[in-house]
Structure formats: C-alpha cells, structure tokens
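Report on one structure; see the data block that follows.
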Amino acid sequence: MRLSRYFMPVLRETPKEAEIVSHQLMLRTGMVKQASAGIYSWLPLGYKVLMKIDRIVREEQNRAGAIEVLMPTIQSADLWRQSGRYEAYGKEMLRIADRHDREMLYGPTNEELITAIFRDGIKSYKDLPRNLYHIQWKFRDEVRPRFGVMRGREFLMKDAYSFDLTPEAGRLSYNRMFTAYLRTFARMGLKAVPMAADSGPIGGDMSHEFIILADTGESQVFCHKDLIEGAVPPIDTDYDGDLSPIIQRWTSLYAATDEKHDAAKFDEQVPKDKQVSARGIEVGHIFFFGTKYSEPMGCKVQGPDGQKIVVQMGSYGVGVSRLAGAIIEACHDAAGIVWPVPVAPFEVGLINLKAGDKDTDAAANDLYAKLEAAGIDVLLDDTDERAGGKFATMDLIGLPYQLIVGPKGVKAGEAEIKVRKGGARETLPMDAALAKVVAAVKAKRMLA
RNA sequence: CGGGGCGUAGCUCAGCCUGGUAGAGCGCUUGCUUUGGGAGCAAGAAGUCGCGAGUUCGAAUCCCGCCGCCCCGACCA
C-alpha cells in the first residue's frame, strides 16, 4: 500500500476522551473512530489488525477441530424465553421491537441460539462430539463503556460451543479449547496465563480465564514465574490425542486474579523468587456448564440404549476486538505501538525520505515492488512530508520493520533497516537490506 | 445506577466568574526558503460557541430544560 493513496488519519495530539494508552494510540494512529459511546468504526489500519487477529483465532479453532458457523446479531426474544434468560438478563441486553412489534434483541451471547441449532440438527449420539464456533459482533449495553475497544458496548467475539455425551467427554472438549487458546495467544506475541475462574453452576475446575500480561492491565494478577515462560503446545499438537499433560502443566502452578488471590496460599506454593505479581487483561474465558442450556431447551440425543441423553455443553470465548487493544497495552513504548509481526497492520514500513527525487523514488519503488513480490505486507510512505514527520508517524503506527531509503543512501547503494522493537538500526547494501527484512518478517510470522 | 466533570475551528485548549457580538497553538491551503528524527518566513481558509426555550438593548458568558461525551465507584469479555 502506498501511504499517498491510503486512508490513515493520524492525530498529532491525543484526544482527551482517551484515558488508557491503547485507546489513545488507536485513536492517534487512525485505527478506529468512535461512533458513539462504546461503539467504534474500524478504519483501514485498525481493520487490518482486527482481521489478522480474527484469522489467527480461526486457524487455531479449526486446527482444534471446531467447525465455523455464523449466527445472526439479531435474535428473537422467544428463544431466550426458552432458557429463562430473557427476563433474567437485565438492562445490558439491548431489546428491540421490529415493525410487527415482535420482541427482538441484539445478541449479547449465543448459547440459546447455538443450542437450538444443534438440537434441531442432530438425531443420535453418533453425532457427538461436536464443537461449533462463530466470530460475530455482539452488543452489551454496558452502563459505562470505557477503555476504547477494550470495553466497548459493541465488540467482536469468537464463541465456541462444545457438545458432548458425558461430562468426561466434555472435559476432553474443554482441554482441546484450552490447548488451542495457549497457541492462539502465543501466536499473537502475547504471554497468556490461564487462571482458574468461577466455574458457574457446575463447579469443579472447568473454568479458566486467559490473562495476558501488560503493565497497564486492568487487574492485578499473581502467578508462578514458570507459567509466563511456559512451553506453548506445538503446531503439530494432536488434538485427538491425550492433552491432559499440557493442561496439567499449565494448571498445576499457582495463578490467580486479585479477586481469587489467596496471599497465604501464594506464599506457601510459590517460592519467593518465583512469585510474580503483575497487571493483566482478560482476553479469553472458557467454561464447562453441562446441561444449563441443553436441559431447559431440550437438547437431547438418543443413546445406544435408546435412552435420551441431555447434551453436555461448554463455551469458549475470545475477545477479538478487545485483543486489538490488549495487544497494544502489552506492546508499546513512548513513541507508539510496537506490533508483533503476526498482528501488525503491515509487516514493513518502507520510507522514501525524499519523495519527488528521481533516484530515491526509483530505489523506493524498486524495493516496494520486490517486497510485494516476496509476499510482504508493506506500507510505502511516498508522501512529501518531511523526514522527521515520517519517522515519527512510522514509529507511532508501530510497523515491526522500517526500511529507510534516502538520497544519501541511494547514492551509496544502501538502505537502512530499523527494528521498531528496541530501535536497532543497520545500514546495508540495497539487496542485502531487502533480503534481511524479508527473512526477518518470515521468521516471525508464526510465533508458535 | 450513585458521585464528579466537560461540550468553543480538524486536534489540544483559552475566553464564561465580572454579558458588549470569538481567540491561541498545532494541523490544513498557497508561495518562497529548507530537507536523514515532527523546519522558517509570508499570505490565507476554517467555528449556527452541543440543542431548545428564557432573562436582557445585547448571551459563548446568566437562568431553566434536553442531548451528547468523559472520569471515579458498582458491574463486566
């Protein structure tokens, strides 16, 4: 993409409504624009990031055996009456009447709808297990939206729902999602730690929040240091195999959010030099809820013995739009965002320091064409802005690698590479610089 | 939903207390000079002062109502 033809309304100053750094940076870089409280338009740069997150989530869901569907944003109240939640949900549910005065709602979640879909689509125990997921916008009419896309009213979420015959089989489904989540967040360049959460109506140990660590995170978390550097399940993990060693490894060490934190237990279970107290952001939540929805909604299958079996369910959420903000919270410095390669809106920022200069233009255009040919997602700053402004903007939007071409370098046949994270710079012959950037990007695309 | 605050140019804000008909910086446009880390000079465009109703000779300013937005708390992915 050529910046001269792009739409990227960057702001030099920080809009006053933004309190936290990710919100400030998302507004300043022109990633999003607030439409009304807690509701955002995603501008090109932000949308690219959102789609890269979306894609990683999807790839890892598919890999774990989940099947993608797409459910509507608008649901009927009748469906929610079947589970008894229409009355119970409260004001966070946006209720709408259609032209026939039928009661509708903008879905805050999809348990009812997926349970009905699955119930009506299966006949026998042989149809289980299954895991269906979708990535869709949801709406919760929060009393007080804040923190930009981290806590908006409208948000993009991945929700997976597992269906099993028995609680034991449900645990296997749970483990698959648990494992997929470890990979999903690691691939985005994040340190995510699963922490035991309130497990709802079933009890037991089948609920975890996935918390990423960021100095500016919303809540205090405590955990064993080894969890932070824990080994991420490899790409060839066999999801049909026994995943319990992975789960065991990630759940046996102490990890708790502040509301569940037990200081005495922490001291007892974790050596002083392994105790980590940090800030965190919840980006995923998985739980097993058994027959909470399948029972009232009549989601049953006939078992081998002819008896009806109420299906065991679990649900598994990832805050896709929230992640865009959360990643920035975890990855920024004083100059701006520092994107991990897998979620960066562009992988390389190519700076033409003197647009309009024949030789510099030729060199920049040549590198641009070669980067594109190499399959690199590149943004070429070919505007006639001054050098200082270009550097500042490029640092602000945080592309992982900058390739800088100016008249001096062109004369010497050289280009400069700047690594956004850490700021290391290196001047190399044109082709060597190109090769090095391409190799660096490709090496970092798949972090896990 | 309790408490607090804010709405004036694209952005950040001054002016409001003490009414007299709108300002600054940045950005934007044009020209000249500059050109490797947010340049200089000159000229210029740009605001129904959130909306409505009042008080007044006169309202951005005072009064009332409404709307929008933000912050703290409670709540939440």
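Predicted model only: the values in this text are computed from it and were never measured. In what follows, every chain begins at residue 1, and chains take the letters A, B, ... in the order their sequences are listed.
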To the nearest Å, give me how far apart [atom1] ([X]) and [atom2] ([N]) are.
| X | N | atom1 | atom2 | answer |
| --- | --- | --- | --- | --- |
| L353(A) | A39(B) | CG | P | 14 Å |
| K390(A) | U35(B) | NZ | P | 16 Å |
| D395(A) | G36(B) | CG | P | 16 Å |
| D384(A) | C32(B) | CG | P | 14 Å |
| R28(A) | G10(B) | CZ | C1' | 15 Å |

Distance, [atom1] atom - from [M] to [N], rounded to whole angstrom:
| N | M | atom1 | value |
| --- | --- | --- | --- |
| A43(B) | G25(B) | P | 13 Å |
| A46(B) | A24(B) | C1' | 15 Å |
| A53(B) | U61(B) | P | 14 Å |
| G10(B) | U56(B) | P | 34 Å |
| C63(B) | U29(B) | P | 42 Å |
| G23(B) | U48(B) | P | 15 Å |
| G50(B) | A59(B) | P | 15 Å |
| A60(B) | C49(B) | C1' | 5 Å |

Atom pair CE (M313(A)) and OG (S315(A)), whose distance is rounded to the nearest 0.5 Å: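 Answer for the CE-OG pair, M313(A) versus S315(A), is 7.5 Å.
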
d(I351(A) CD1, E416(A) CD) to nearest 0.5 Å is 9.0 Å

For V193(A), run the side chain to side chain contact (heavy atoms under 4.5 Å, CB included) check against V276(A), L253(A), L227(A), I212(A) and tell me which one passes.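 Of the listed options, the one satisfying the test is L227(A).
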
Sort out the partner of [N] for me: Watson-Crick or G-U wobble, both distances under 3.5 Å, none otherwise.
| N | result |
| --- | --- |
| G38(B) | none |
| U29(B) | A43(B) |
| G23(B) | C13(B) |
| U61(B) | none |
| C75(B) | none |
| A53(B) | none |
| U48(B) | none |
| G7(B) | C67(B) |

With a 4.0 Å cut-off on heavy atoms, is [X] in touch with a base, just the backbone sugar-phosphate, or nothing at all?
| X | value |
| --- | --- |
| A392(A) | base |
| K91(A) | sugar-phosphate |
| K158(A) | nothing |
| G317(A) | nothing |

Could one point to a donor on the side chain of E13(A) or the base of G27(B) with an acceptor on the other under 3.5 Å away?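 Not at all, since no donor on one side and acceptor on the other fall under 3.5 Å apart.
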
Lys/Arg N to Asp/Glu carboxylate O, [X] vs [Y], below 4.0 Å:
| X | Y | answer |
| --- | --- | --- |
| D164(A) | R130(A) | no |
| R85(A) | E112(A) | yes |
| D159(A) | K138(A) | yes |

Please tell me whether Y89(A) and W80(A) form a close aromatic pair, meaning their ring centres lie under 6.0 Å apart.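 Yes, they do, as the ring centres are separated by less than 6.0 Å.
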
Ring centroids only, cut at 6.0 angstrom: are Y181(A) and Y316(A) within range, meaning strictly under it?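 Here the rings of Y316(A) and Y181(A) have centres that are no less than 6.0 Å from each other.
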
Any side-chain N or O of R12(A) less than 4.0 Å from the OP1 or OP2 oxygen of G27(B)? yes

Are OP1 or OP2 of A39(B) and a side-chain N or O of R386(A) less than 4.0 angstrom apart?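 Yes, within the criterion.
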
Aromatic ring pairing F346(A)/Y6(A), orientation class (parallel under 30°, perpendicular over 60°, tilted between):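 Answer is perpendicular, since the angle exceeds 60°.
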
Report, as a single string ordered 5' to 3', how protein heavy atoms within less than 4.0 Å touch nucleotides 65-77 of chain B: B base, S sugar-phosphate only, - not at all. ----SSBBBBBBB

